[in-house]
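Both backbone and side-chain heavy atoms feed into the values below; hydrogens, waters and symmetry mates do not.
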Amino acid sequence: MAVLRCIKYLAQFGYSEEQVYLLLSCCPCEGRISGIVDVPNAVCTLAIPLAIFDQDVRPPSDLEHFAKGIKVIEKDVCISEEGGAVPYDPRLAK
């Protein structure tokens, strides 16, 4: 998922998705599973060197830009029947 998001992100800077795909297949990038805290939500990251670009592709430093994309998808995602919080996973049918 991290690679697909990277392709979409870098396409915003004038590269085609095919160009970004080829670039990622040739550059020294590093993919990691950064965190497995609450299953099934894992965090995957992709590190790519900034020196291979001819423009600044870093995200903006102001946090207002990121806040515009934050949305509450579903409220009350923890179901507690026995006093403890149970992670909500719609794939687990009761």
### Query
Closest approach of Q19 and G14, non-hydrogen atoms and distance?
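Reported closest heavy-atom pair: OE1-O, 4.4 Å.
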Determine whether [X] and [Y] fall in the same hydrophobic cluster, where Ile, Leu, Val, Met, Phe, Trp and Tyr are linked whenever their side-chain heavy atoms lie under 4.5 Å apart.
X: I52; Y: L46; answer: yes
X: V57; Y: I7; answer: yes
X: V3; Y: I33; answer: no

### Message
Test: ring pair (Phe, Tyr, Trp, His ring centres under 6.0 Å). Region: residues 13-32. Which pairs qualify, not counting sequence neighbours?
### Response
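Residue pairs with at least one partner in residues 13-32: Y9-F13.
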### Query
Roughly how far, to the nearest 0.5 Å, is the CG atom of L23 from the OG atom of S16?
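If we round to the nearest 0.5 Å, S16:OG and L23:CG are 10.5 Å apart.
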### Message
Quick check for you: to the nearest 0.5 Å, what is the distance between I48 atom CD1 and C27 atom SG?
### Response
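One finds 6.0 Å between CD1 of I48 and SG of C27.
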### Task
Using salt bridge (Lys or Arg N to Asp or Glu O under 4.0 Å) as the criterion, list what pairs up with R32, not counting sequence neighbours.
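Result, salt bridge (Lys or Arg N to Asp or Glu O under 4.0 Å) vs R32: E30.
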